[in-house]
Amino acid sequence: MAKQTNGVVHIEDVKPCLKKHDNTLNNKPSRPSRFATYVIALRPWSFSASLTPVLLGTALAYKTTGTLNLPVFLASIGAVLFVHGAGNLVNTYYDFLKGVDSKKSDDRTLVDGYLSPNAVGSFGAVLYFLGCVSFLVLVLTSPAKMEHIALLYFGGLSGSFLYTGGIGLKYVALGDLVILITFGPLAVMFAYVCQVGHLALFPLWYAIPLAMNTEAILHSNNTRDMEADRKAGAVTLAICLGQTGSYTIYVCLLFVPYLIFAVMGVNFAPTFFLPLVTLPLAFNLEKCFRRNEMDKLPQNTAKLNLAFGLLYVAGCFTARANVLPGF
């Protein structure tokens, strides 16, 4: 306690209190480590969007052949995840250069100065290189023709770069189409062909529910960032539709796949009812969107996507092949 002499408080007695108060005011969050910064820049919470299509394509291949080529499976996972991670870094790089990212953005790696633009670009290049190494492993181990693997792999790689790099499809309202194709039919077909060795059409139909659920992640992100994107001169589907139209699209992306599963469960195999377990999560996300509680909606939609996708894969894997459509 401070001492008083004739009602006067001596300043020496309150200096420790002032010092303690000053330390409290300056107690800022610690800077993440270099390794943690690189991990954060990858946005690993979004990797369900590339992991589940590979699992689905592999499950369909297993139902077709009755075998699983483990080296091919691991190389497929590596190729897709490396390209996805590189695409996230390209997105970070170009969004920062175009002024899209801000202090309110999820990805503030460059905004907060944790990494330099050159470091992010170099990291992306390394991941694209590792993806190409995985591609070469697939060429050596997969029964598929090299031209088929190359067509699917480099198609996905091009999509991951052109989403914001080069012509920047995201900024001209074509980003949603890129995501629907890349993280749906293309990734599923890539994993299927690498295992089986030949092209087929039926995996594309299986990819539709997963592609719609994955697109919901991107659409919620773009709806939340509408104002920042508009100020930066970008034109996204969310900006074109507005808040009400974007909500309608989001609801369709969330719930139409469940209707598809219900029909498939009734007509083909009851295991397709498994993803319906995640319906309560979907209703919670719809409520957040409707109330404009958007801050963590993309991450929470990605969590739904992971559970939804894994249950879908389990449903395909455990069903008898002779009752599955297309077999």
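This chain uses plain numbering: 1 for the first residue, then up along the sequence. The structure displayed is predicted, hence computed values, not measured ones.
Taking the side chain as every heavy atom from C-beta outward, Thr58 and Tyr192 never approach each other to under 4.5 Å. For the pair Phe190 and Ser76, the minimum side-chain heavy-atom distance is below 4.5 Å. Phe73 is not listed as a side-chain neighbour of Cys194, based on a closest heavy-atom distance of 4.5 Å or more. Counting heavy atoms from C-beta outward, Ser46 and His84 have side chains that approach closer than 4.5 Å. With a 4.5 Å cut-off on side-chain heavy atoms, Leu42 and Leu127 count as touching. Contact annotation: the side chain of Leu297 never approaches that of Arg224 to less than 4.5 Å [non-hydrogen atoms, C-beta and beyond]. With a 4.5 Å cut-off on side-chain heavy atoms, Val178 and Leu180 do not count as touching. Looking at Lys98 and Phe96, their side chains never come closer than 4.5 Å, going by heavy atoms from C-beta outward.
Side-chain contact of Ser142 with Asn69: a donor-acceptor pair under 3.5 Å is absent, judged by distance alone. Under 3.5 Å, the side chains of Ser48 and Asn305 contain a donor-acceptor pair of N or O atoms. Thr236 and Arg230 form no side-chain donor-acceptor contact under 3.5 Å, judged by distance and modelled atom types alone.
Between the CG atom in Leu89 and the OG atom in Ser122 there is a gap of 10.5 Å [rounded to 0.5 Å]. Once rounded to the nearest 0.5 Å, the distance linking CG of Leu237 with CE of Met226 reads 10.5 Å. With rounding to the nearest 0.5 Å, the separation of CG in Leu138 from CE in Met146 is 12.5 Å. Considering CE of Met264 and CZ of Phe273, their distance stands at 11.0 Å, rounded to 0.5 Å. Rounding to the nearest 0.5 Å gives a distance of 8.0 Å between OH of Tyr163 and OH of Tyr171. Taking CG of Asn221 as the reference point, atom CD of Gln299 lies at 8.0 Å (rounded to 0.5 Å).
Taking the six-membered ring wherever Trp is involved, the centroid distance between the rings of Phe202 and Phe327 falls below 6.0 Å. No close placement of the Tyr114 and Tyr38 rings is indicated, their centers lying 6.0 Å or farther apart. Outside the 6.0 Å centre-distance limit, the rings of Phe129 and Phe82 are not counted as a close aromatic pair.
The backbone N or O of Val80 sits nowhere less than 3.5 Å from a side-chain atom of Tyr153 that would complete a donor-acceptor pair. Although no hydrogens or angles enter the test, the distance criterion places a donor-acceptor pair under 3.5 Å between the side chain of Thr271 and the main chain of Gly315. The backbone N or O of Phe47 sits less than 3.5 Å from a side-chain atom of Ser50, completing a donor-acceptor pair. A distance-only check finds no donor-acceptor pair linking the side chain of Asn222 to the backbone of Ala238 [under 3.5 Å]. Asn91 places no side-chain N or O within donor-acceptor distance of the main-chain N or O of Gly87, the cut-off being under 3.5 Å. At least one donor-acceptor pair closer than 3.5 Å links the side chain of Tyr206 to the backbone N or O of Pro325. A donor-acceptor distance shorter than 3.5 angstrom exists from the side chain of Lys63 to the backbone of Phe317, with no hydrogens or angles considered.
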Exercise. What do the steps show when you test Met189 against Leu152 for side-chain contact (heavy atoms from CB on, under 4.5 Å), and what is the final call?
Worked result: CA-CA 8 Å; Met189 182 65 77; Leu152 295 168; 3.9 Å; yes
Exercise. Checking side-chain contact (heavy atoms from CB on, under 4.5 Å) for the pair Gln195/Leu60: CA distance, chi angles, key distance, verdict?
Worked result: CA-CA 10 Å; Gln195 286 285 336; Leu60 295 175; over 6 Å; no
For this session: Go through Val235 and Cys240 one step at a time and tell me if the side-chain contact (heavy atoms from CB on, under 4.5 Å) criterion holds.
Result: CA-CA 7 Å; Val235 180; Cys240 294; 3.7 Å; yes
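Remark: Leu201 CG is loosely packed, at most 12 non-hydrogen atoms of other residues, nucleotides or ligands lying under 6.0 Å away. No more than 12 heavy atoms of other residues, nucleotides or ligands sit less than 6.0 Å from atom CZ of Arg320.
Between Asp176 and Lys170 no salt bridge is recorded (no basic side-chain N to carboxylate O distance below 4.0 Å).
When all heavy atoms of Ser246 and Thr223 are compared, the closest pair comes out as CB-OG1, 3.6 Å. Closest approach of Ala49 and Thr214 over heavy atoms only: CB-CG2, 3.4 Å. Smallest separation of non-hydrogen atoms from Val137 and Ala75: CG1-CB, 3.9 Å. The two residues Pro117 and Leu110 have their closest heavy-atom pair at N-CD2, 3.6 Å. Across every non-hydrogen atom of Ala234 and Ile239, the tightest pair is O-CD1, 3.4 Å.
Hydrophobic cluster membership for Leu274: Val277, Leu311 (Ile, Leu, Val, Met, Phe, Trp, Tyr linked by side-chain heavy atoms under 4.5 Å, directly or transitively).
For the side-chain contact (heavy atoms from CB on, under 4.5 Å) with Val188, the lone residue among Leu55, Thr52, Leu56 that qualifies is Leu56.
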Report all side-chain donor-acceptor pairs from residues 247-260 shorter than 3.5 Å, counting only partners two or more places apart or in another chain.
residue	atom	partner	partner atom	Å
Tyr247	OH	Glu286	OE2	2.4
Thr248	OG1	Thr244	O	3.1
Tyr250	OH	Thr301	OG1	2.9
Tyr258	OH	Thr278	OG1	2.6

